[in-house]
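All residue numbers refer to positions in the sequence shown, counting from 1.
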Amino acid sequence: MSLSIHSAASSPADEPSLGSFRDPRTFVRVFVGAFLRDVHSFYPGCRMESIPAPLGVRTAKTAGEPPEPGDGIGFEMTDEDDDRTTAVWVSLFGTWHRLVPERPLGLGAQDRRLIRAVAAVLELNFQILFRRSRMSILQLRRGMPEDHYVAACLEPSAYAPTAWASSRIAEAILTLRTMALSTYENRRVSTGALILGAAGDHPDEGRRSTSAEAIQFGAELTSLKSLQRLCDGRRTVFLIDRAGKLADVVDVQRWADRDDGSTGGEKSTAPGPDVPCARIYAAHARATRSGGDVCLVLSPNQEIKVFADGMQAFVFAHGRWRALDVESKFAVWREALANPRLARVLFQAALDLAEERQGGLLVVVVDPSRAVGRLLDPRDVVDFEAEPEAEPEPSPGRESGPALYVVDPWDATAAGEPPVVDSLTKRSIHYLAGSRSLLTLDASVVEALASLDGALVADGDGRLLAFGAILRHDALSRPQTMAEGARTTAAIVASRFGPVLKVSEDGIVSCFLDGVRVWDL
């Protein structure tokens with residue numbers, strides 16, 4: 001079936017009328033609507049406003065003029081700022097729109113790359129529609145549309161108008177998505193794939209060549225049940241070569257280190273962003289620092305994690321894709337603390353808690369003397385010393401006698417009645433953390449302290465003030481704040497005393513500064 005774009009008046013009299021579909025403006029609205037809808041799927045809270053063309057921009061055609069075959073959708077994007085943008089201007093078919101994100105952090109470099117990727121996939125759809133591309137439209141219909149946007153962001157060449165083969169990343173995403181729907185021996189499947197980039201230079205490739213019997217890595221492989229347990233995604237992953245074939249199964253830690261004694265390889269010194277990652281997936285991130293490699297993992301939580309450029313770039317969770325932009329968010333958190341070491345320790349602990357689906361609240365108070373008594377119960381402070389209680393006065397009308405006292409349960413010389421042991425409280429183990437610094441504690445210990453019910457509180461130098469503390473926020477909360485959940489309310493109030501990281505049990509990390517949620521990760 002061919003599509004002809006003409007005005008309704010030029011249609012032959014004997015041809016059935018297609019109504020509004022003959023109007024070229026309807027054709028344009030389909031593409032513009034698809035673009036705005038799909039951008040909104042990644043940024044649900046963003047606003048999209050139609051605006052006139054920016055000053056100095058001349059458009060080749062108006063939105064009502066029918067596009068010619070091969071012209072393309074005419075995508076353009078302009079930033080409002082040079083650094084992090086609070087909004088971007090985009091143009092399709094000469095119609096300009098302003099995209100304004102809901103979050104205060106604005107749009108980072110990764111967000112802008114993703115918006116360009118959405119336009120690139122729509123551009124390819126346009127070229128296929130007018131038969132200007134060798135790719136079949138069916139290849140773009142495999143999987144969810146958002147899968148192709150993620151793939152186009154990581155591998156733009158696979159969605160160029162001249163492309164003809166399916167994207168290896170999109171095929172891998174579809175494969176992992178299919179595996180997530182099945183079980184093996186009554187257990188959920190977890191797996192992963194490391195896709196070699198076009199510019200990779202790996203020491204192992206000289207001795208490891210893809211077998212002539214290698215098969216394409218795609219959703220069809222999910223019918224092989226034994227294959228689903230061949231790698232677990234955490235220690236081992238499938239190796240996908242540049243032709244999209246299943247070349248090998250590798251240990252991701254060993255691959256990331258590039259340390260193979262049989263070939264005399266040395267550890268990789270490839271540059272990469274200094275951004276924390278959940279410890280269990282640190283090797284996956286390091287494996288993608290160079291060469292354009294991409295690592296995908298289907299986690300035991302049935303999330304699809306995507307690692308690229310040395311950090312986690314995307315995650316599919318709770319029914320939708322999210323662009324993480326970890327580098328920009330970590331930069332905001334590090335700047336708020338003005339202590340890079342402490343910022344890394346707490347950020348790392350938050351990521352590890354989120355991966356284990358444990359909630360937590362990590363608070364850094366700027367002025368401890370202001371926080372104790374208002375935000376913190378003094379008895380929750382690990383170095384707090386209570387004043388000794390005065391002896392009770394004898395009851396009126398009663399003769400004075402031997403003083404009543406509580407027998408020390410640990411006094412071996414005490415005689416008489418068996419000692420009455422008061423129930424132990426959390427304050428009984430405060431000595432374990434007294435005068436300790438988060439900068440000297442092991443990462444696993446910091447994570448354990450942060451996982452306790454309540455908040456982990458430190459000062460700006462990293463000195464541990466409290467753990468498992470129930471924050472005082474009822475009197476400090478505003479009515480609209482109390483409408484939030486208990487942990488969110490505590491995070492909002494605590495952020496007025498200093499930066500806060502809140503970890504939800506659904507795996508989302510949020511940053512609060514000055515009573516405002518700045519970002520979600």
Side-chain angles (χ1 to χ4, degrees), residues 124 133-136 138-144 147-148 150-160 162-180 182 184 189-256 258 260 262-263 265 283-284 287-298 304-308 313-314:
L124 185 57
S133 174
R134 298 169 58 191
M135 185 178 291
S136 168
L138 297 179
Q139 292 172 288
L140 294 181
R141 295 297 178 264
R142 287 174 62 88
M144 296 174 58
D147 298 350
H148 293 280
V150 171
C153 185
L154 301 173
E155 191 182 19
S157 60
Y159 291 88
T162 57
W164 60 273
S166 300
S167 166
R168 298 172 301 155
I169 297 176
E171 285 293 325
I173 292 174
L174 178 59
T175 304
L176 268 57
R177 188 190 299 281
T178 306
M179 287 185 175
S182 60
Y184 183 80
V189 175
S190 62
T191 187
L194 178 62
I195 303 174
L196 298 182
D201 183 16
H202 304 291
D204 285 349
E205 287 188 301
R207 69 177 180 84
R208 180 191 284 113
S209 58
T210 304
S211 170
E213 300 176 355
I215 56 179
Q216 289 292 127
F217 187 75
E220 293 75 15
L221 291 180
T222 57
S223 61
L224 301 175
K225 290 293 185 180
S226 57
L227 189 70
Q228 298 182 5
R229 301 297 290 184
L230 191 56
C231 74
D232 62 3
R234 290 194 167 185
R235 295 170 300 174
T236 55
V237 293
F238 294 118
L239 185 67
I240 313 302
D241 67 9
R242 293 178 177 84
K245 293 186 177 182
L246 176 57
D248 205 348
V249 179
V250 297
D251 184 291
V252 68
Q253 179 74 51
R254 190 176 182 87
W255 183 271
R258 307 287 201 274
D260 190 343
S262 62
T263 61
H284 301 72
T288 65
R289 282 194 170 190
S290 62
D293 297 351
V294 176
C295 188
L296 299 97
V297 174
L298 175 63
I304 299 178
K305 302 177 182 292
V306 181
F307 300 87
F314 295 93

Salt bridge Asp147-Arg142, side-chain N to carboxylate O under 4.0 Å: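 Looking at Asp147 and Arg142, the cut-off is not met.
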Roughly how far apart are [X] [atom1] and [Y] [atom2], rounded to 0.5 Å?
X      : Y      : atom1 : atom2 : result
Ser166 : Leu140 : OG    : CG    : 8.0 Å
Thr175 : Leu298 : OG1   : CG    : 11.0 Å
Arg177 : Ile304 : CZ    : CD1   : 5.0 Å
Leu296 : Arg168 : CG    : CZ    : 11.0 Å

Hey, does [Y] have a side-chain heavy atom less than 4.5 Å from the side chain of [X]?
X      : Y      : result
Ile240 : Leu194 : no
His284 : Thr288 : no
Trp255 : Val237 : no
Phe307 : Val297 : yes

Counting distance only, does the side-chain N/O of [X] pair as donor-acceptor with the main-chain N or O of [Y] below 3.5 Å?
X      : Y      : answer
Arg242 : Leu196 : no
Asp232 : Thr236 : yes
Gln253 : Arg235 : no

Parallel under 30°, tilted from 30 to 60°, perpendicular over 60°: which one fits the rings of Phe217 and Phe238? tilted
